Each structure stands twice: as structure tokens, then as C-alpha cells.
Amino acid sequence: MNTLFFLYSPVADEGQAWLQSGGALRPLGSQSPAALASQHAGAACVVFLPSERCLFTSVAATAQQLRQAGHSLGWLIEEQTGEDVENLQVIAAAGDSDDKTSLLAINRQELQALLDTLRRSGLHVVALLPDLFLLPATDAGWQLAELPGGRVALRSGRHRGAVLESDLLPLMLEAALQESETAPAALQVTSAGLETAVAAWSQAQGIPVQRQEGLDAEAALSAATDWTRHPANFLQGGFAVSRQFALPRGLRIAAIFVAAAFAVQLLSEWVHYGYYRYQASKTEAAATALYRQMFPDERRIVNLRRQLQAHLNDNVGQGTALPALTRIAESLQGSGLHAQRLDFNAGVLTLDVEARALGELDTFRQKLEGQGFRSEIVSANAQGGLIRGRLRVEGGA
């Protein structure tokens with residue numbers, strides 16, 4: 001049976017193609033999907049899409065835990081994605097260690113649109129994988145190779161790696177090294193240009209660079225690999241290629257029984273899942289309420305975590321916010337005052353406190369002065385037997 005291999009271009013509706021027939025691989029050059037389908041009608045097609053469209057990650061989960069997760073793998077990487085995990089096609093592959101499992105993800109709509117485009121052109125797509133897997137995974141080290149379009153692929157494990165533009169190569173290597181538990185034994189490259197590009201980085205890290213011929217697409221495609229059963233094939237679950245067959249009646253009854261038992265188990269899992277989702281929503285609501293209390297001028301909350309981080313970064317950029325807050329908190333200890341609210345704007349801290357007497361406010365102000373702050377009591381009002389005071393605090397460097 002003839003098999004087509006199509007390396008999809010990240011910038012155009014075409015790509016490099018090969019035909020495997022009778023055990024021999026023949027390059028077909030740059031082709032559009034329609035031209036490829038018309039010349040080789042009926043041939044099964046394995047497509048390699050740009051790895052930039054995919055997410056490569058790993059989770060601390062065993063195979064048994066993944067089986068228990070069922071179709072909810074997306075929730076394992078919820079914090080690593082910038083979109084609703086229900087919109088992701090997530091597949092699991094064997095990890096590089098017994099307690100870790102590699103996960104690959106791609107946007108479902110993007111995957112479906114790509115499949116629709118290829119199938120409308122007449123291609124019979126049986127497997128769809130990231131082009132990173134055209135590089136071999138070996139224990140000898142990391143593999144670094146050039147891909148069409150000025151891109152460089154780094155494979156740092158069986159199901160780990162990245163593909164970026166060539167000018168971002170040092171950044172990609174540094175990020176991969178930080179994510180890896182151990183440094184690679186060597187860095188294998190396919191060309192003198194890549195060897196030169198990584199020379200400074202590899203020397204600084206003490207990682208030897210080896211020139212390795214054959215780290216290219218044709219070498220991977222010539223190997224006897226069943227790409228339809230490859231762990232990185234995104235055509236799984238609802239995207240699996242239909243194989244039309246009929247089960248015998250006895251097996252159909254057994255399948256119905258197994259499906260019913262699975263449905264009961266799934267219902268139980270979803271009950272637990274719903275409970276934890278409810279608890280998570282309560283926690284999120286509490287965090288949102290606290291955030292609005294801290295930043296009342298914030299009109300819209302899109303991403304609570306990122307917006308809070310932005311406020312923290314802004315304060316760090318102003319140089320004195322966090323150290324000043326720490327010193328003010330230390331001054332409050334043992335003063336008898338209770339802090340009610342703290343605002344920070346343009347280097348000025350406004351602190352609302354409750355005191356039992358006006359003298360406690362003035363003592364606290366003097367204590368801040370001794371810490372190097374410029375402080376003044378803006379207001380002091382009696383409320384319910386207590387003194388509600390507001391202090392303006394600056395400096396403290």
C-alpha cells in the first residue's frame with residue numbers, strides 16, 4: 001500500500017511531500033494538498049503539522065491516574081494554557097520517567113479546520129503529528145535540526161521539545177535546559193550553521209556539540225514506523241480515523257454491558273468532578289472578592305492571576321513598595337492598632353487603622369518617623385468607641 005508523507009508549511013497552504021511505495025521513499029518536492037491528492041488518489045497520507053501550533057508538556061501522573069482521568073486530561077494542564085481546556089485535543093504518551101507522563105495538546109477548532117482543508121482537497125489523512133517527531137529520540141543527547149521556513153527543531157526527549165525561528169535558538173535551548181531534570185550528554189546538530197550558532201551557549205553550559213548527519217525528515221520517514229499508532233498522533237478519540245467493521249452479536253452484547261458499567265463509573269467520576277469544580281468556583285469567587293477589595297478601581301477582571309501579577313510587578317518596578325510594606329507591618333506588631341485598609345499609589349501609602357486612643361496613632365506615626373518614613377495623620381474620627389485614623393506614609397528608603 002502506498003503512503004504519502006506531507007510536511008505542512010507554517011506559512012503557506014503547501015509543503016514538502018514524499019511517497020513511500022514498495023519500501024522505497026521517493027521525494028515529491030513542494031506540493032499543494034490538491035495536487036498531491038490528484039496525483040496519488042486513494043493513498044493514505046500522514047501529515048506533519050508545525051509544532052508551534054501544539055503544546056508539549058508533562059504532568060506528574062502515572063498511567064493508572066491517567067486512566068482514571070478518562071477524557072478529562074485537559075484539566076491536568078489547565079494552568080499552562082491560555083484558553084478553555086474544553087477546546088483542546090489532549091493526548092497522553094509515555095513519559096521519560098515512571099512518575100511522569102507527557103501530554104500533547106492542540107486547539108480542537110484549529111485541528112478540525114486543518115483536517116477539513118486537507119480532506120476537501122482529496123487527501124486520505126490517517127495520522128497527524130507535530131513535525132518535531134521527524135527528529136529521532138535517542139539517549140545520546142538532544143537533537144537539533146533545521147526545518148523548512150527558517151525554523152529550528154529541538155527534540156529533548158521522547159515526547160518533549162520545541163520548534164522556533166532560528167534567531168531564537170539560544171532562548172529555546174536555555175528554556176529546555178531549565179525544564180529538564182538533567183543536562184543532555186551532548187547536543188547533536190545537522191549542519192555547520194547550527195554548530196556555529198550553538199557554540200557559545202554549549203561551551204558556557206559545558207555540553208559538547210556533535211555533528212550528526214541524517215537527522216532529517218527522510219531518515220525518519222524511511223524507518224519502519226507505524227505512524228497511525230504513534231503516541232503523538234492527534235487523530236485519537238473523536239478525531240480517530242473511522243474503521244468500518246461490524247462486531248458479532250455476542251460481542252455487541254458484551255460491549256453494551258461494558259459500556260453500561262463504564263457509564264456508571266463515569267457518572268461517579270463526574271459527581272466527584274462536579275464537587276471539586278464547585279469548591280474551585282467558591283475559591284475563585286473568594287479570590288475575586290479579595291482582589292476587588294484590594295484594587296477597587298479595577299473595572300474588569302479578565303485573568304485574575306495575570307492582573308494580580310501585573311500589579312505586583314508595577315509595585316516592584318517603583319522600587320520601595322514591598323520593602324516598605326514589610327517594615328510598616330513590623331511596626332504595627334505590638335502597637336495595639338488594627339489595619340483596615342492599605343492603598344499604594346505613585347510611591348505613597350495610605351493606611352487606615354483602628355486605635356483605642358488618639359495617642360496610639362501619634363505613637364505609631366512617631367515610630368514610622370523613626371523608621372525613616374515621612375508620615376502624617378490625615379484624619380482621625382471616633383467610631384463606636386474606637387478611633388478610626390488615616391495615615392499618609394512616604395519614603396522609607
Side-chain angles (χ1 to χ4, degrees), residues 60 75 77-85 171 174-175 177-179 275-397:
W75 300 107
I77 57 173
E78 184 176 16
E79 294 185 356
Q80 303 181 38
T81 61
E83 58 182 303
D84 193 336
V85 294
L171 180 63
E174 189 64 29
L177 186 60
Q178 292 178 5
E179 293 178 1
Y275 170 76
Y276 290 119
R277 282 279 290 177
Y278 169 71
Q279 294 296 330
S281 65
K282 286 179 60 180
T283 303
E284 183 178 2
T288 301
L290 180 60
Y291 179 85
R292 291 192 182 279
Q293 183 179 355
M294 295 173 61
F295 306 102
D297 295 332
E298 196 85 28
R299 295 183 177 180
R300 184 182 179 192
I301 298 178
V302 178
N303 187 308
L304 181 62
R305 181 177 179 180
R306 292 180 181 175
Q307 290 175 237
L308 182 58
Q309 186 64 51
H311 283 290
L312 291 175
N313 291 341
D314 289 343
N315 289 342
V316 170
Q318 294 172 6
T320 61
L322 293 181
L325 287 173
T326 302
R327 292 163 60 190
I328 291 174
E330 292 174 349
S331 299
L332 279 170
Q333 293 180 356
S335 66
L337 277 68
H338 299 282
Q340 300 297 316
R341 177 171 175 172
L342 177 66
D343 292 328
F344 181 80
N345 185 24
V348 178
L349 290 165
T350 303
L351 178 64
D352 290 349
V353 296
E354 283 187 350
R356 290 167 297 185
L358 185 60
E360 291 182 344
L361 285 178
D362 191 59
T363 300
F364 178 59
R365 182 191 62 78
Q366 295 177 12
K367 191 173 183 181
L368 291 177
E369 295 282 350
Q371 291 281 344
F373 293 100
R374 298 187 303 275
S375 62
E376 63 173 325
I377 300 175
V378 179
S379 63
N381 300 306
Q383 294 183 3
L386 297 174
I387 302 298
R388 180 71 179 267
R390 172 168 293 181
L391 290 89
R392 177 187 174 93
V393 184
E394 299 182 67

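Below, all heavy atoms of this structure are taken into account, side chains as well, without hydrogens, waters or symmetry copies. For clarity, every value in this text was computed on a predicted model and none was experimentally measured.
- Between E330 and Q371, every side-chain heavy-atom pair lies at or beyond the 4.5 Å cut-off.
- Screening L349, V378, I377 against R392 for a side chain to side chain contact (heavy atoms under 4.5 Å, CB included) leaves a single residue, V378.
- With E284 contributing its side chain and A280 its backbone, the two residues share no donor-acceptor pair below 3.5 Å.
- Between L351 atom CG and R341 atom CZ the span is 11.5 Å, to the nearest 0.5 Å.
- Counting heavy atoms from C-beta on, the side chains of T363 and K367 never come closer than 4.5 Å.
- Screening L391, I387, L342 for a side chain to side chain contact (heavy atoms under 4.5 Å, CB included) with V353, the sole residue that qualifies is L391.
- Between E360 and A355, the closest heavy-atom pair is OE1-CB, 3.5 Å.
- Taking the side-chain contact (heavy atoms from CB on, under 4.5 Å) definition, one finds that L386 meets it with E354, R356, sequence neighbours left out.
- Across all non-hydrogen atoms, the minimal contact from R365 to E376 is CD-CA, 4.1 Å.
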Requested in this report: List the steps and the verdict of side chain to side chain donor-acceptor pair (under 3.5 Å) for N303 and Q307.
Outcome: CA-CA 6 Å; N303 187 308; Q307 290 175 237; over 6 Å; no

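- Rounded to the nearest 0.5 angstrom, S375 OG and L361 CG are separated by 11.0 Å.
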